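Worth saying up front: this structure is predicted, and the values here are computed from it rather than measured. All residue numbers in this chain count up from 1 along the given sequence.
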Amino acid sequence: AEGPVRETVRRLLPAWALAPGGPFLVRMPLCRSERLPSGFRAVVLEMPGLHQVQLSLFVPVGSRHEAPGACGISHFVEHALFRGNALYPDGEALNRAFERVGGMLNAHTGVEATEYDVTLHPAHLDEALQLLAAFLRAPTFPELEKERRILLDELSYDYNEEGRLVNVGTLASQLMWPQHPLGQSVGGLPATIEALGAEAVRAHHARHYHPARMVLALAGAVEAEAALAAVRHRFAEWAPPSGELPAALPAPAPRAGGPH
C-alpha cells in the first residue's frame with residue numbers, strides 16, 4: 001500500500017515541501033507479513049527512529065464469543081494466563097522473566113478480541129518471543145481460586161450498594177443488544193464467575209487460542225527479516241488443534257424504535 005499512500009501525500013503537499021532538504025521527508029516504513037504453516041501470522045513494521053520494540057498479539061475472542069452461562073470466561077482466561085506456565089511456574093517468576101528483557105506484559109479483553117502487549121529492548125527480542133510463546137501455548141492455570149477472587153473484586157465496582165448494575169457501558173450494551181452476547185459484560189456476572197470451573201477455563205483456552213486465529217504485530221527498532229526469523233524459531237512448532245475454528249454468533253438486525 002506504500003505506492004498509493006505516497007502518491008496521495010505528494011498530491012496534497014506542495015513540491016517545495018517534498019524537495020531534498022524540505023520540511024517533509026516522505027519515507028514509508030517497511031512492513032512485512034508472514035503466515036506460518038500453523039496459520040499463525042506475524043506482521044513486522046520497521047521503525048528505525050525508535051529505540052524499543054512493541055509486541056502486540058491479538059486473539060479474536062471476547063465477550064461476544066461466550067454463552068450466557070459462561071459470561072466473563074474470556075476475561076478469566078486472560079487473567080489466568082498470568083498465573084504461570086510450563087517455563088515459569090507462577091506469576092512472580094513470569095513477571096521477573098519479562099522484566100529481564102526490559103518489558104512488562106499487559107493485557108486487555110474486549111467484546112471482539114483479547115490483546116497482549118509488551119515493550120522491550122530489541123536486543124532481547126528472541127527471548128521475549130520465547131516467553132510469549134510459552135505464555136500462550138503452555139499455561140498451567142494454577143491458583144484459579146485466587147484469580148476468581150480478583151475478578152469478583154473488579155466486578156464489584158460495576159454495582160452499587162444495593163447490588164444494582166450501574167456500569168453505563170454494560171447497561172447501554174444490554175439495551176442495544178438484548179438477549180445476545182454483544183450485550184454481555186466483558187467481565188461477566190458475579191454468578192457466572194463464581195460458577196466457572198478449571199475445566200471450563202482450560203477448554204475455552206484450547207478452543208480459542210488457536211494459532212491460525214492469532215496475529216502478532218512487531219513494531220519499532222527491528223529488522224523485518226531477522227524479526228520474522230525469530231518468530232519462526234519460537235512459533236513454528238505450534239501444531240494447531242483439530243476441529244473447526246470457532247465463530248461468533250452473528251449480530252442481530254438493529255431494532256426499529258429502540259433506545260436513543
Parallel, tilted or perpendicular: which describes the rings of Trp238 and Phe40, with under 30° parallel and over 60° perpendicular?
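Ring orientation of Trp238 relative to Phe40: tilted.
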
For [X], all residues meeting side-chain hydrogen bond (donor to acceptor under 3.5 Å, both in side chains), sequence neighbours excluded:
| X | result |
| --- | --- |
| His233 | Asp126 |
| Asn167 | Asp158, Thr170 |
| Thr119 | Gln54 |

Could you work out the complete set of other residues in the hydrophobic cluster of Leu165, with links drawn between I, L, V, M, F, W and Y side chains under 4.5 Å apart?
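Tyr159, Leu171, Leu189, which link up through side-chain heavy atoms under 4.5 Å apart, make up the rest of the cluster.
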
For Glu34, what residues pass the salt bridge (Lys or Arg N to Asp or Glu O under 4.0 Å) criterion, not counting sequence neighbours?
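Partners of Glu34 by the salt bridge (Lys or Arg N to Asp or Glu O under 4.0 Å) criterion, ordered by chain and then number, come out as Arg232.
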
Test salt bridge (Lys or Arg N to Asp or Glu O under 4.0 Å) applied to Glu237 - qualifying residues, sequence neighbours left out:
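So Glu237 forms no salt bridge (Lys or Arg N to Asp or Glu O under 4.0 Å) with any residue.
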
Report whether Val43 and Leu120 are members of the same hydrophobic cluster (ILVMFWY, side-chain heavy atoms less than 4.5 Å apart, transitive linking).
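Unlinked, Val43 and Leu120 end up in two clusters.
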
Identify whether Leu196 and Phe141 are in the same connected component of the hydrophobic contact network (ILVMFWY, side-chain heavy atoms under 4.5 Å).
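Leu196 clusters together with Phe141.
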
Residue pairs passing the salt bridge (Lys or Arg N to Asp or Glu O under 4.0 Å) test where at least one lies in residues 165-193, sequence neighbours excluded:
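Residue pairs with at least one partner in residues 165-193: there are none.
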
Quick one: which residue pairs count as a salt bridge (Lys or Arg N to Asp or Glu O under 4.0 Å) with a foot in residues 104-120, not counting sequence neighbours?
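For residues 104-120, and leaving out neighbouring residues, the salt bridge (Lys or Arg N to Asp or Glu O under 4.0 Å) pairs sorted by first residue read Arg64-Glu112.
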
Please tell me if the side chains of Arg32 and Leu228 come closer than 4.5 Å, counting only heavy atoms from C-beta onward.
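They are in contact (side-chain heavy atoms under 4.5 Å apart), so the answer is yes.
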
Does any non-hydrogen side-chain atom of Met176 lie less than 4.5 Å from one of Leu182?
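Leu182 does not reach Met176 side chain to side chain.
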
Donor-acceptor contacts under 3.5 Å from residues 86-93 side chains, at least two apart:
unit_1, atom_1, unit_2, atom_2, d
Asp90, OD1, Glu92, N, 3.2
Asp90, OD1, Ala93, N, 2.8
Glu92, OE2, Arg96, NH1, 3.0

Tell me, which pairs form a side chain to side chain donor-acceptor pair (under 3.5 Å) where one or both residues lie in residues 132-143, sequence neighbours left out?
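For residues 132-143, and leaving out neighbouring residues, the side chain to side chain donor-acceptor pair (under 3.5 Å) pairs sorted by first residue read Arg83-Glu143, Glu143-Lys146.
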
With rounding to the nearest 0.5 Å, note down the distance linking OG in Ser33 to CG in Leu216.
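Reported to 0.5 Å precision, the distance equals 10.5 Å.
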
Go through the structure and list residues passing side-chain contact (heavy atoms from CB on, under 4.5 Å) with Glu162, not counting sequence neighbours.
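With neighbours one apart ignored, the set is Asn160, Arg164.
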
Mark yes or no for whether Thr192, through its side chain, and Gly188, through its backbone, hold a donor-acceptor pair below 3.5 Å.
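Here the side-chain-to-backbone pair does not exist.
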
Contacts table for residues 71-79: side-chain donor-acceptor under 3.5 angstrom, sequence neighbours left out:
unit_1, atom_1, unit_2, atom_2, d
Ser74, OG, Gly62, O, 3.4
Ser74, OG, Glu66, OE2, 2.8
Ser74, OG, His204, NE2, 3.0
His75, NE2, His79, NE2, 3.1
Glu78, OE1, Thr109, N, 3.2
Glu78, OE1, Thr109, OG1, 2.5
His79, ND1, Glu147, OE2, 2.7

